[in-house]
Amino acid sequence: MEALAVRLSGLDPYVDGAIRIIAFYDTLMRRRVDLAALARASAGLAECTAGIRLHGTGRVIRHAPDGGPAPAGPPPSASSTTPITLDEEEIGTVWLERPGPPSPLDDVLLDRLAIAAAGVVERHGPARTTMADPALVELVISSDSDEAARARALRLLGFAAEVPLHVVAVRTRLPLDRLGALICPARPVKAAPLADVGVVLATALDPARFPADVRAGIGAAGSPDRSWRQARTALRFTTPREPVVHYRDLGALALLAEVPQDTARENADVAAVARLAADPDDLETLDTYCATGSLRRAAGLLHLHHSSIARRLGQISKTLGIDVTDPTGLTRARLALTAWRLLGDRADHPYGPQDSRSTVNASHADSGANSRTGVLRSGANST
C-alpha cells in the first residue's frame with residue numbers, strides 16, 4: 001500500500017491523501033486497537049476533535065488532537081458525520097468537530113474510521129447489532145429444540161443460557177432494530193422476523209416505550225419456548241384500545257385462546273358479535289362499554305351524550321339477544337367480543353385481518369398451541 005501511495009503521489013494529491021488514510025487505518029486494524037485508540041489516532045490525523053458513539057450502549061468517546069480526552073460538556077456541532085454499520089444495521093456514529101469548513105479528505109477519514117469501529121465492535125464478544133439470524137432465534141423459541149441446541153443458540157446471540165428471557169411477538173411497520181432499541185435502550189436485545197410476526201428477545205424491557213402503532217404480546221420471563229407461546233397468545237388479545245398485552249395480565253382470559261376456532265364461531269353469542277361488527281359504530285360502542293362497564297364513562301370516551309349511548313346499547317342488546325346492561329349479560333358480551341377477536345378475522349388490526357391459521361406449521365406444535373397462532377414455518381430454517 002505504501003509503495004502504491006508513493007507511485008500515485010505525483011499523479012493526484014487527493015488520491016495520494018486518500019490512500020495514505022486507508023493505509024493508516026489498515027495499520028490500526030491490524031494492531032487490533034480499541035475504540036478509544038481509534039478516536040485518539042483519528043483526532044491526531046485530522047488535527048481536530050474526533051468522536052465515536054455506539055447506539056446500543058450510548059457510549060461516547062471524544063478525543064482532542066493532542067491525544068487527550070476532549071473537554072467535558074455538550075460537544076459542539078459536528079462538521080462531518082458517518083454512520084457505523086454492522087450486518088447492514090446502523091450501530092453508531094463517528095464524527096469530526098472541525099472548526100470551519102470540512103477538509104476534502106474528511107469523508108474518506110470518517111469512512112475508514114467507521115469501518116474500523118465496526119470491526120472493533122464485532123471483535124469484542126457477540127455482535128452488538130439488534131437484528132439476529134432468524135434460524136438462531138427459531139432454535140431459541142421452538143419447543144422442538146433440545147436444551148443443548150437452545151443453549152448454544154442463546155450463547156451465539158449473546159445471552160447466557162441460564163438467564164430468563166422475555167419473548168415478544170410484534171406486528172409493526174417499524175424496523176425491528178429500531179423497535180428493539182426503543183424498548184430496551186440499555187439492555188441486550190435481539191430481534192428477527194419469522195413469517196408475518198417479529199420476534200424480540202430481551203432480558204428486560206419497558207412496555208411503556210412501545211410506539212402507539214405497534215401491536216405486541218409479551219411473554220413472561222423464563223424458558224424462551226414457553227415465553228414465546230405466551231407472547232403469541234398475548235398478541236392475539238391486542239386491540240386498538242390495548243395494543244400491548246402482557247400474558248401475565250390476562251389471567252383466566254388466556255383460557256379463551258384454547259377454544260378451537262370452529263367451536264368459537266359456532267357459539268351463538270360470538271356469531272352475534274360477528275354480525276354486529278358489520279356496523280363499526282355499534283362495534284365501537286360495545287367495545288367501549290365492555291371496557292368501562294359504565295354508560296356515562298363510555299359516553300365520555302365516545303364524546304356522546306349518555307342518552308345516545310343508552311339508545312345504542314338498547315339496539316345492540318336486541319341485535320345480540322343479550323341485555324348488555326345486566327351484569328350477566330355484560331359478562332357474556334365481554335366474553336363473546338373477546339372470543340370473536342381471537343378468531344383473527346376482524347378488520348380492526350392496523351395491518352388488516354390476521355388469520356392465525358395462515359402462519360402455522362404443525363410440525364412446530366406444542367400441545368396444540370402452535371396450531372393456533374404459530375409463525376414457525378418449515379422454511380424458516382432456510383433463511
Side-chain angles (χ1 to χ4, degrees), residues 1-2 5 13-130 158 175 177-189 204 206 208-209:
M1 179 65 73
E2 291 180 0
Y14 177 85
V15 173
D16 175 37
I19 292 176
R20 290 184 183 277
I21 290 173
I22 293 171
F24 178 82
Y25 281 100
D26 284 349
T27 300
L28 292 176
M29 293 171 72
R30 284 197 302 271
R31 293 177 179 173
R32 303 173 71 85
V33 301
D34 60 15
L35 292 176
L38 272 178
R40 186 165 50 249
S42 300
L45 180 63
E47 298 182 335
C48 68
T49 298
I52 301 173
R53 183 185 189 281
L54 299 181
H55 298 330
T57 62
R59 183 185 179 191
V60 176
I61 304 170
R62 295 172 61 239
H63 274 276
D66 62 4
S77 298
S79 57
S80 302
T81 64
T82 296
I84 304 171
T85 304
L86 181 61
D87 296 335
E88 299 183 357
E89 178 186 338
E90 184 178 326
I91 63 169
T93 307
V94 295
W95 69 90
L96 295 176
E97 300 170 15
R98 185 182 299 284
S103 164
L105 289 170
D106 282 357
D107 287 343
V108 178
L109 186 151
L110 286 175
D111 182 64
R112 301 309 297 182
L113 173 56
I115 292 173
V120 173
V121 171
E122 185 176 32
R123 189 166 63 245
H124 290 280
R128 273 28 175 209
T129 55
T130 298
D177 57 325
R178 289 179 56 192
L179 178 63
L182 283 172
I183 64 176
C184 306
R187 296 196 180 256
V189 58
D206 184 356
R209 296 179 66 92

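Counting from 1, the numbers follow the sequence of the chain as shown.
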Leu45/Tyr25 under side chain to side chain contact (heavy atoms under 4.5 Å, CB included): CA gap, chis, key distance, verdict: CA-CA 10 Å; Leu45 180 63; Tyr25 281 100; 4.1 Å; yes
Test log, rule salt bridge (Lys or Arg N to Asp or Glu O under 4.0 Å), inputs Asp16 and Arg20: CA-CA 6 Å; Asp16 175 37; Arg20 290 184 183 277; 3.0 Å; yes
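The side-chain heavy atoms of Asp111 and Ile21, taken from C-beta on, include no pair separated by under 4.5 Å. For the pair Leu54 and Leu35, the minimum side-chain heavy-atom distance is below 4.5 Å. For the pair Phe24 and Arg112, the minimum side-chain heavy-atom distance is 4.5 Å or more.
Summarising the geometry, atom CG belonging to Leu38 is positioned 12.0 Å from atom CD1 belonging to Ile115; distances are rounded to the nearest 0.5 Å. The distance from atom CD1 of Ile52 to atom OG of Ser42, rounded to the nearest 0.5 Å, is 6.0 Å. Distance check, rounded to the nearest 0.5 Å: CD of Glu47 to CG of Asp66 gives 12.0 Å. Separating the OG1 atom in Thr81 from the CG atom in Asp107 is a distance of 9.0 Å, to the nearest 0.5 Å.
Of all non-hydrogen atoms in Ile84 and Ala114, the two that sit nearest each other are CG2-O, 3.7 Å. Of all heavy-atom pairs between Glu97 and Cys48, the closest is O-CB, 3.8 Å. When all heavy atoms of Ala43 and Ala50 are compared, the pair lying nearest together is N-CB, 3.7 Å. Gly180 and Val189 get closest at one heavy-atom pair: O-CG1, 3.9 Å.
Between Leu96 and the options Leu113, Thr49, Leu110, a side chain to side chain contact (heavy atoms under 4.5 Å, CB included) holds for only Leu110.
Under a 3.5 Å cut-off, the side chain of Arg209 and the backbone N or O of Leu182 do form a donor-acceptor pair. In terms of modelled atom types and a separation under 3.5 Å, the side chain of Arg98 and the main chain of Ala46 share a donor-acceptor contact.
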